[in-house]
Amino acid sequence: MKTPIAKAIVLLPVLATLSACIPSPKDLETTPIKVQTPKGVVTCQLYRPNRVSWDRAIDFPATKMSVPEADAYCQQEGQRRLK
């Protein structure tokens with residue numbers, strides 16, 4: 001039976017190869033867009049259409065809305081563009 005160290009040596013190249021195949025959010029970013037909301041303009045960082053859950057606000061009127069609220073506007077815009 002292989003020792004834990006031997007198993008790690010065998011699995012390490014496999015895991016390194018697989019991790020190289022997984023894109024990071026940065027690799028999927030589109031050009032930021034501005035969304036007009038009732039509380040002001042929100043600048044959104046959208047990702048690929050199949051990654052709407054990653055869409056987020058990168059600038060918003062902080063005195064008028066929270067981060068989750070601004071992110072929700074961006075995710076709504078991502079959903080709108082998906083359709």
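Note that these values count all heavy atoms, side chains included, but never hydrogens, waters or copies made by symmetry. Every value quoted in this text rests on a predicted model; they were computed, and no experiment measured them.
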Minimal non-hydrogen separation, P61 against V42, with atom names: CD-CG2, 4.5 Å
Is a salt bridge present between R48 and E29, judged by a nitrogen-to-oxygen distance below 4.0 Å? no
Within this structure, what is the CZ-OG1 distance for the pair R56 and T43, rounded to the nearest 0.5 Å? 11.5 Å
Quick one: do W54 and Q45 satisfy side chain to side chain contact (heavy atoms under 4.5 Å, CB included)? Show the steps, please. CA-CA 9 Å; W54 288 355; Q45 177 60 69; over 6 Å; no
Looking at every non-hydrogen atom in both residues, tell me the closest pair between Y47 and T30 and how far apart they are. O-CG2, 4.0 Å
Does I58 belong to the same Ile/Leu/Val/Met/Phe/Trp/Tyr cluster as V41, with side-chain heavy atoms less than 4.5 Å apart forming each link? no
Separation between SG (C74) and CD (Q79), nearest 0.5 Å, reads 12.5 Å
Exercise: identify the closest heavy-atom pair between G78 and D55: CA-OD2, 3.3 Å
Determine, step by step, whether T37 and K64 satisfy the side chain to side chain contact (heavy atoms under 4.5 Å, CB included) criterion, reporting the C-alpha distance in whole Å, the side-chain angles of both residues, the deciding distance to 0.1 Å, and the verdict. CA-CA 11 Å; T37 74; K64 297 181 181 180; over 6 Å; no
Can you name the closest pair of heavy atoms from A70 and F60 and give their distance? CB-CG, 3.6 Å
Taking the side chain as everything from C-beta on, heavy atoms only, tell me whether R81 gets closer than 4.5 Å to V52. no
